[in-house]
Amino acid sequence: MKEPPHIRWIVSDIQQFSTEEPFDLIVVAEVLYYVGDIAEMRAAVGNIVQLLAPGGHLVFGSARDANCRRWGHVAGAETVIAMLSETLVEVERHECRGESINEDCLLSLFRNPVSDTP
Ligand SMILES: C[S@@+](CC[C@H](N)C(=O)[O-])C[C@H]1O[C@@H](n2cnc3c(N)ncnc32)[C@H](O)[C@@H]1O
């Protein structure tokens with residue numbers, strides 16, 4: 001199938017990626033707990049937030065802190081949601097549970113409150 005011409009695929013480290021054009025929508029799911037320690041996680045969150053356009057939305061999904069720590073990561077959903085909430089407004093949150101102990105995630109929708117109107 002031919003790629004639509006308005007879509008550009010970029011493979012990048014979430015800690016390094018930058019662009020001149022801000023995004024209206026960012027989806028980041030089950031990625032941030034792979035980013036090293038808390039300081040690196042905070043830096044990655046800061047990088048993502050500054051990629052978001054004024055009024056733009058960010059969908060964040062992750063396993064909860066407890067499972068991420070059990071898997072050997074420093075933190076998970078609750079920690080990242082707290083970091084995102086320092087800049088963005090959380091407008092919706094869902095708890096996603098399955099039958100296994102590993103299936104326990106949070107899914108949050110954030111909005112960038114910075115308005116682009118003067
Ligand atoms: C568990 S998978 C989740 C994939 C997908 N987002 C999903 O929800 O199905 C974790 C993904 O995080 C990516 N990842 C890990 N560290 C990353 C980083 N520093 N920058 C960008 N992607 C990263 C991995 O390449 C992998 O594709």
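For ligands, and for the atoms within them, numbers begin at 1 and follow the listed sequence.
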Applying salt bridge (Lys or Arg N to Asp or Glu O under 4.0 Å) to Arg111 and not counting sequence neighbours gives none
Would you give the length of the straight line joining atom CG of Leu25 to atom CG of Leu58, rounded to the nearest 0.5 angstrom?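 With rounding to 0.5 Å, CG (Leu25) is 8.0 Å from CG (Leu58).
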To the nearest 0.5 Å, how far apart are CG in Asn67 and OH in Tyr33?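 So the gap between those two atoms works out to 9.0 Å.
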Would you name the heavy atoms of Arg93 and Ser108 that are closest together and state the gap between them?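 Nearest pair, atom of Arg93 first, then Ser108: CG-OG, 3.5 Å.
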Ignoring hydrogens, what is the shortest heavy-atom contact between Asn47 and Phe17? Give both atom names and the distance. ND2-O, 3.0 Å
Under 4.0 Å from ligand 1 - residues by heavy atom, chain and number: Ser12, Asp13, Ile14, Gln15, Ala29, Glu30, Val31, Tyr34
Is there a continuous path of hydrophobic side-chain contacts, each under 4.5 Å between heavy atoms, that joins Val31 to Val45?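 Linked within one cluster.
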